[in-house]
Amino acid sequence: MRKLFLAIPLIALTSPLHAQDSDLPLAQIDIPRIVLPPGVEPFTNVAEGRAVGHIYRIVNYDDGPQGIGAVISLAPDITAQVRAAQRLRLQGRTVLVKDNIETRELPTTAGSLALEANDTGRDAPLIARMRANGGVVMGKTNLSEWANFRSSESSSGWSAVGGITRNPYATDRNSCGSSSGSGAAVAAGFSWAAIGTETDGSITCPASLNGVVGFKPSVGLVSQTHIVPISASQDTAGPMARSVADAALLLTAIAGPDYGEIGDGDPAYDFTAGLTEASLDGVRIGVLRGRYGGYEPLGAVYEQALTDLRAAGAVLIDVTYDGDPAMGRDEYTVLLYEFREGIDAYLQGSPADIPVRSLQDVIDFNIAHADTELRWFGQDILELALQTTDRDAYEAARANSFRLAGPEGIDAMLAQHGVAFLIAPTRGPAWVTDLVNGDNFRGGIGVGSLAAIAGYPHLTVPMGHIEGLPVGLSFIGAKWDDHAILQAGSAYERERSFAIPQPRLAPWEPLVPAASN
């Protein structure tokens, strides 16, 4: 089902890497050193060379039975975009876009065969802003179908359109969802950065498992228009990149309101300001100690991160969070209700010739195409959403879940302990992908749902690994504290002592123990 659009006027796609590159980890290959065949004109600049190099990686490492499976489609005009954008802020940097966000040149499928023809010919406002700031839409990334809001027994990273996305650090393991392709693509070096979307964990989880930086902004900072929705109150797009600085640069390019004139590339925000000078000296940080799921290897990596923070001068304050089960229960009601309303509105508003115009149509389509759509798991969440129509119950659930996550959750912990932000492990290491039995991950790790439900910023930064499998450190703050959270993450990134491994692009193997003296 995967479809790569390779009828692209590019050069050197089949040329070999320079001999000295062959033994380098993928993420360390210097892309402009791709050797051109005789008679081919050289790249006119580094930006074009890097774009072609990214496509080379995708063609050679993404497709096929053992490929990463991160990219669904490539734009037909990548080098033309690069040439047109080089003098703007992002200077023609390549960005892969999760395939629930509309771009004018490619269909937007949300991973579903029902939307294969959803070619709207329009850019989501965040994409228009990115282009105006010099970003290049390289293509679309795979995702958990319908942003992982289809089945309670799903395998994250699978869609009927794109198949399964594999983790570049261990290709037999999961890349998490729903922004699986975006996280894996950045880790594998398929683009400079990527854009994901999150309702609850869908940027931060794949970023953590794939060893990259992921930032879920405050809800409302980035436009939600022309994105296939789950929840109007929790959805947001956000950047995924190899560094906090790159994530901040991309966020600067895409942030802005839903409507209003798209300027000439002069952003209303600059989230890169002060990142290189940011310091944690004297900063009070709330440390959620018990949020590592009782998994001692993760606890050990977390303790090393705390040691690094102390060395940077931070003042660490222990914070306890027990949680209230009512928060998650009510969040689910909210998501079911808002999904039904949001999907109906989106499908009815699409200008494309698509066979579905309502959630009921989607359910019926899946039944009619059960051999492909329902091959591995069902659609119980879609069916439950269709029945969730009680508006009074929805409004009560939204009020309660927000209260528990925001005012009585994050806000209360920040105020009670006098801390600037909260930290915790983001997730555990990647689990083995199992299409038959579905996801199998450790619970009790992190507090990302608090930020998701409240609509507050959440940044994850790689903090180390467990047997070669990356794990991330979360930074969570109050609403609109996005810039401060990015500064804190950048300061930690500079102080981190734990070496982050390169992706192996092979099945997992245990690390070779260090030789004893």
Side-chain angles (χ1 to χ4, degrees), residues 1-3 69-73 96-104 106-124 126-127 137 139-151 154-165 175-183 185 194-200 202-203 206 224-232 234-237 335-336 338-366 369 372-374 376-379 381-382 385-386:
M1 296 297 178
R2 300 195 60 246
K3 50 181 190 290
V71 180
I72 284 178
S73 56
L96 285 164
V97 180
K98 185 176 179 180
D99 198 26
N100 61 348
I101 302 171
E102 292 188 14
T103 68
R104 65 193 181 211
L106 294 169
T108 300
T109 72
S112 171
L113 298 174
L115 295 186
E116 275 194 302
N118 189 35
D119 197 344
T120 67
R122 62 192 181 190
D123 279 339
L126 75 94
I127 298 299
V137 173
K140 293 293 195 73
T141 55
N142 195 25
L143 68 160
S144 305
E145 187 169 320
W146 295 109
N148 226 7
F149 205 67
R150 200 194 88 178
S151 169
S154 68
S155 291
S156 293
W158 181 90
S159 75
V161 170
I164 192 70
T165 296
S175 53
C176 200
S178 62
S179 304
S180 51
S182 295
I195 298 174
T197 65
E198 176 160 329
T199 304
D200 191 337
S202 289
I203 289 174
Q224 294 172 267
T225 299
H226 300 332
I227 301 176
V228 181
I230 290 179
S231 165
Q234 292 184 205
D235 287 353
T236 182
L335 300 188
L336 291 168
E338 293 186 349
F339 180 73
R340 176 185 55 79
E341 284 201 334
I343 285 295
D344 282 357
Y346 177 84
L347 296 175
Q348 291 161 18
S350 172
D353 184 14
I354 54 177
V356 291
R357 294 293 178 181
S358 68
L359 178 56
Q360 181 66 69
D361 287 348
V362 172
I363 292 170
D364 293 342
F365 180 95
N366 290 342
H369 299 82
T372 51
E373 281 291 350
L374 305 180
W376 297 112
F377 45 85
Q379 55 179 340
I381 293 177
L382 301 187
L386 193 65

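Remark: Ile354 engages Leu115, Asn118, Leu347, Ser350, Ala352, Arg357 in a side-chain contact (heavy atoms from CB on, under 4.5 Å) (not counting sequence neighbours). Partners of Tyr346 according to the ring-ring contact (aromatic ring centres under 6.0 Å, His included) rule, which considers only residues two or more places apart in sequence or in another chain, do not exist here. The side-chain hydrogen bond (donor to acceptor under 3.5 Å, both in side chains) check on Ser182 picks up Thr141, with sequence neighbours excluded.
In the model, Thr103 has no side-chain atom that pairs as donor or acceptor with a side-chain atom of Asp123 under 3.5 Å. For the residue pair Thr120 / Glu102, a side-chain donor-acceptor distance below 3.5 Å is found, with atom types taken as modelled. Between the side chains of Glu338 and Ser231, at least one donor-acceptor pair of N or O atoms lies under 3.5 Å. Using modelled atom types and a 3.5 Å distance limit, the side chains of Gln224 and Asp235 yield no donor-acceptor pair. Side-chain atoms of Asn148 and Ser202 include no donor-acceptor pair closer than 3.5 Å.
Here the straight-line distance linking atom OG1 of Thr236 with atom CD1 of Ile203 works out to 6.5 Å at 0.5 Å rounding. Of the inter-residue distances, the one linking Glu145 atom CD with Trp376 atom CH2 reads 14.5 Å to the nearest 0.5 angstrom. The CD1 atom of Ile381 lies 6.0 Å from the OG atom of Ser151; values are rounded to the nearest 0.5 Å. Atoms CD1 and CG, from Ile227 and Leu126 in turn, are 5.0 Å apart once rounded to the nearest 0.5 Å. Asp344 CG to Glu341 CD: the interatomic distance, rounded to the nearest 0.5 Å, is 8.5 Å. Distance check: Ser358 OG to Leu386 CG gives 8.0 Å after rounding to the nearest 0.5 Å.
In terms of heavy-atom proximity, Ser180 sits nearest to Ser175 at CB-OG, 3.3 Å. Pairing each heavy atom of Ile164 with each of Ser156, the nearest pair is CD1-O, 3.6 Å. Between Thr108 and Asp99 the shortest heavy-atom distance is CA-OD1, 3.4 Å. The two atoms that bring Gly111 and Ser159 nearest to each other are O-CB, 3.4 Å, heavy atoms only. Summarising the geometry of Leu382 relative to Ile363, their closest heavy-atom pair is O-CD1, 3.7 Å, with the distance given to 0.1 Å. The two residues Phe365 and Ala114 come nearest to each other via the heavy atoms CE2-N, 3.4 Å.
With hydrogens and angles disregarded, no donor-acceptor distance shorter than 3.5 Å links the side chain of Gln379 to the backbone of Asn366. Between the side chain of Asn142 and the backbone N or O of Trp158 there is no donor-acceptor pair closer than 3.5 Å.
A salt bridge links Glu373 with Arg150: the distance from a Lys NZ or Arg NE/NH1/NH2 to an Asp or Glu carboxylate oxygen falls below 4.0 Å.
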### Message
Test side chain to side chain donor-acceptor pair (under 3.5 Å) on Asp364 and Gln360; report intermediate values, then the result.
### Response
CA-CA 6 Å; Asp364 293 342; Gln360 181 66 69; 3.0 Å; yes

### Task
For Thr109 and Lys140, run side chain to side chain donor-acceptor pair (under 3.5 Å): C-alpha distance rounded to whole Å, both residues' side-chain angles, the deciding distance at 0.1 Å, then the answer.
CA-CA 10 Å; Thr109 72; Lys140 293 293 195 73; over 6 Å; no

#### Entry: side chain to side chain contact (heavy atoms under 4.5 Å, CB included) between Phe149 and Leu335, worked out
CA-CA 9 Å; Phe149 205 67; Leu335 300 188; 3.6 Å; yes

#### Entry: side chain to side chain contact (heavy atoms under 4.5 Å, CB included) between Trp146 and Asn100, intermediate numbers included
CA-CA 8 Å; Trp146 295 109; Asn100 61 348; over 6 Å; no

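Residues Ile127 and Val137 meet the side-chain proximity criterion, which asks for heavy atoms closer than 4.5 Å. Side-chain contact between Leu96 and Ile195 is absent, with no heavy-atom pair separated by less than 4.5 Å.
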